[in-house]
Amino acid sequence: MTAANGPQMGVTLYSFTNEWLTRQFELDTLLREVAKRDLGPNIEIIGFQSFKEFPDVSDDFAAYFKDLIAETGLNPVSCAINSDRFMKPGQQPIDDADLVEYHKRQLRSAKKLGFKLARGQFALPAHLLPELAPFCEDIGMQMGVEVHAPMWARHPAVLEYREMYEKLNSPALGWIPDFGGTARAIPPSLLDAARAIGTPEALIEITKEIWAEDGPSYVKAGKLREIAAAKGYEQAHLQACTLSFFILSNNDPKSWAEMVDRTIHIHGKFYGVSDEGVEEAIPYEEILPLFRDGGFTGTIVSEWEGHAYCTADAFEQVRRHQAMCRRILAEAPVAA
């Protein structure tokens with residue numbers, strides 16, 4: 001087997017959430033469709049979305065899943081795990097010891113299913129990483145925290161994790177950038193979805209202006225809510241616009257360069273790729289060369305999040321995204 005040369009492409013099954021929820025596919029048929037359309041071979045799966053037994057998996061299910069992988073020729077790279085403290089409605093949050101064990105259960109299951117790494121979340125406090133890093137090393141798994149909008153490379157939570165990463169210096173820990181944190185605009189497709197339910201153009205314009213401002217997303221969303229309440233806009237229209245503050249934010253795309261050395265996996269977040277091969281909201285032309293030229297050879301999984309507000313064909317969206325990424329990655333670096 002030859003060594004990886006540059007970033008590799010793949011897909012997260014999360015992109016096909018609409019197709020999954022409408023029962024067009026089960027796990028087996030979805031994997032076969034991904035393989036048939038050549039959208040792999042590398043794949044990411046959200047444990048709690050696709051595996052009924054999760055956070056534990058039986059020997060029988062693990063064998064069944066591995067047979068599916070062998071049949072389709074896909075490569076299970078990343079299993080997305082959860083860091084929730086609130087396990088059931090109305091119950092008290094679990095303590096640190098239980099949260100660590102909860103992660104270990106998921107990591108064991110991901111390993112059992114044949115995944116190489118697990119996608120974690122910032123809901124796992126940085127001070128618990130010293131307990132999980134040795135466990136990951138012992139079972140031969142990596143765990144990366146997803147840097148998802150509104151977070152970015154210099155967000156306070158990221159800096160706290162970075163300090164712990166440097167202290168532990170464990171090969172089992174790393175970053176999973178999500179490009180939604182460094183968007184250049186609200187996706188036009190999201191705004192079109194808001195218009196489709198009757199959202200007034202004036203509210204959309206206010207949303208665009210506030211979104212482009214500096215500051216935390218929750219502050220900007222609060223500002224929009226105050227204005228909308230004062231002007232009497234309908235709640236449904238406000239919700240359609242407020243979504244933009246929490247699925248993507250307008251931080252500096254070049255800041256990803258600070259994270260390349262510890263990046264183990266990438267969420268290629270996107271909302272729509274034009275006929276000309278350009279993502280409508282995220283500056284891929286600026287972002288991808290940072291990882292390519294920085295020596296990243298892991299997987300970029302196409303993660304279409306447009307399913308949050310529209311019903312476009314996810315398979316076609318992923319095909320376009322992967323073609324765009326391959327084109328950008330194949331371009332020669334710009335001379336300094």
Side-chain angles (χ1 to χ4, degrees), residues 12 14-15 17-18 21 46 48-49 80-86 119-124 145-161 175-197 199 203-229 233-253 255-256 266-272 279-283 287 301-312 314 317:
T12 170
Y14 178 66
S15 295
T17 292
N18 284 341
L21 292 177
I46 298 177
F48 282 101
Q49 184 180 48
I81 66 175
N82 284 16
S83 299
D84 300 333
R85 284 189 185 270
F86 292 87
R119 185 257 17 208
Q121 299 170 313
F122 280 102
L124 174 72
V145 65
E146 180 183 7
V147 185
H148 188 285
M151 294 181 180
W152 60 307
R154 298 171 195 160
H155 187 279
V158 174
L159 296 179
E160 183 180 8
Y161 253 66
W175 304 116
I176 299 181
D178 179 291
F179 296 157
T182 54
R184 60 186 164 214
I186 299 174
S189 56
L190 186 154
L191 299 177
D192 286 343
R195 293 184 180 99
I197 64 169
T199 303
L203 179 57
I204 289 174
E205 288 303 314
I206 294 170
T207 302
K208 289 163 64 177
E209 291 173 6
I210 296 175
W211 186 89
E213 294 174 359
D214 294 331
S217 292
Y218 72 90
V219 172
K220 292 189 283 187
K223 181 177 179 179
L224 179 65
R225 282 192 289 267
E226 290 178 3
I227 293 174
Y233 288 115
E234 294 183 21
Q235 187 65 27
H237 299 157
L238 173 61
Q239 289 177 342
C241 291
T242 304
L243 176 63
S244 64
F245 294 98
F246 299 104
I247 61 174
L248 71 172
S249 51
N250 60 334
N251 298 300
D252 180 9
S255 66
W256 293 122
I266 291 174
H267 281 177
K269 178 64 60 61
F270 74 106
Y271 295 90
E279 212 292 317
E280 63 178 348
I282 298 171
I287 296 171
V301 289
S302 298
E303 186 180 36
W304 183 60
E305 202 167 41
H307 61 72
Y309 53 80
C310 76
T311 57
Q317 289 297 318

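These numbers come from a predicted model, not from an experiment.
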Problem set entry | Distance-only polar pair, side chains of S15 and Q317, donor-acceptor under 3.5 Å | no
Exercise. Does a sphere of radius 6.0 Å around CD in E234 hold more than 12 heavy atoms from other residues, nucleotides or ligands, not counting ones at 6.0 Å or beyond?
Worked result: no
Exercise. Tell me, do V145 and Q121 make a side-chain contact under 4.5 Å, heavy atoms counted?
Worked result: no
Exercise. Do the non-hydrogen side-chain atoms of Q49 and T17 ever get within less than 4.5 Å of each other?
Worked result: yes
Seminar exercise, completed: The side-chain hydrogen bond (donor to acceptor under 3.5 Å, both in side chains) partner of K220 among N250, T242, D214 is N250
Exercise. Shortest non-hydrogen contact from C241 to T207?
Worked result: CB-OG1, 3.3 Å
Problem set entry | Residues T182 and W256: side-chain donor-acceptor under 3.5 angstrom | yes
Exercise. For the side chain of N82 and the backbone of D84, is there at least one donor-acceptor N/O pair under 3.5 Å apart?
Worked result: no
Exercise. Taking atom CD1 of I204 and atom CD of E209, what is their separation to the nearest 0.5 Å?
Worked result: 12.5 Å
For this session: Please report the shortest heavy-atom distance between S244 and W211, naming the atom on each side.
Result: O-NE1, 3.4 Å
For this session: Would you sort out whether W304 and T12 count as a side-chain contact (heavy atoms from CB on, under 4.5 Å), showing the intermediate values?
Result: CA-CA 9 Å; W304 183 60; T12 170; over 6 Å; no
For this session: Please test Y161 against F122 for ring pair (Phe, Tyr, Trp, His ring centres under 6.0 Å), starting from the C-alpha separation and ending with a verdict.
Result: CA-CA 9 Å; Y161 253 66; F122 280 102; 4.8 Å; yes
Seminar exercise, completed: What one should report as the nearest heavy-atom pair of A240 and I197 is CB-CD1, 3.8 Å
For this session: Apply side-chain contact (heavy atoms from CB on, under 4.5 Å) to the pair F179 and L248, showing each step before the final yes or no.
Result: CA-CA 8 Å; F179 296 157; L248 71 172; over 6 Å; no
Seminar exercise, completed: Heavy atoms of L224 and I206 approach each other most closely as CD1-CG2, 3.9 Å
Seminar exercise, completed: From the list E146, E279, E305, salt bridge (charged side-chain N to carboxylate O under 4.0 Å, His left out) partner of K269 resolves to E305
Problem set entry | I247 vs L190 side-chain heavy atoms within contact, under 4.5 Å | yes
Exercise. Do W175 and V158 touch side chain to side chain, with heavy atoms closer than 4.5 Å?
Worked result: yes
Exercise. Would you find a donor on one side and an acceptor on the other, under 3.5 Å apart, between the side chain of N251 and the backbone of G181?
Worked result: yes
Exercise. Once the angle between the rings of H307 and Y14 is folded into 0 to 90°, is it parallel (under 30°), tilted (30 to 60°) or perpendicular (over 60°)?
Worked result: perpendicular
For this session: May I have the step-by-step check of salt bridge (charged side-chain N to carboxylate O under 4.0 Å, His left out) for K223 and E226, ending in yes or no?
Result: CA-CA 5 Å; K223 181 177 179 179; E226 290 178 3; over 6 Å; no
Exercise. Between atom CH2 of W152 and atom OG of S249, what is the distance when rounded to the nearest 0.5 Å?
Worked result: 9.0 Å
Exercise. Got L191 and R195 here, is their nearest side-chain heavy-atom distance under 4.5 Å?
Worked result: yes
Seminar exercise, completed: Minimal heavy-atom distance between T199 and A194, with the atoms involved, is OG1-O, 2.7 Å
For this session: Taking E303 for its side chain and G268 for its backbone only, find out whether a donor-acceptor pair lies under 3.5 Å.
Result: no
Exercise. Are the side chain of S217 and the backbone of F245 linked by a donor-acceptor contact shorter than 3.5 Å?
Worked result: yes
Exercise. Under a 4.5 Å cut-off applied to non-hydrogen side-chain atoms, are P150 and Y218 in contact?
Worked result: no
Problem set entry | Side-chain touch Y271/I282, heavy atoms, less than 4.5 angstrom | yes
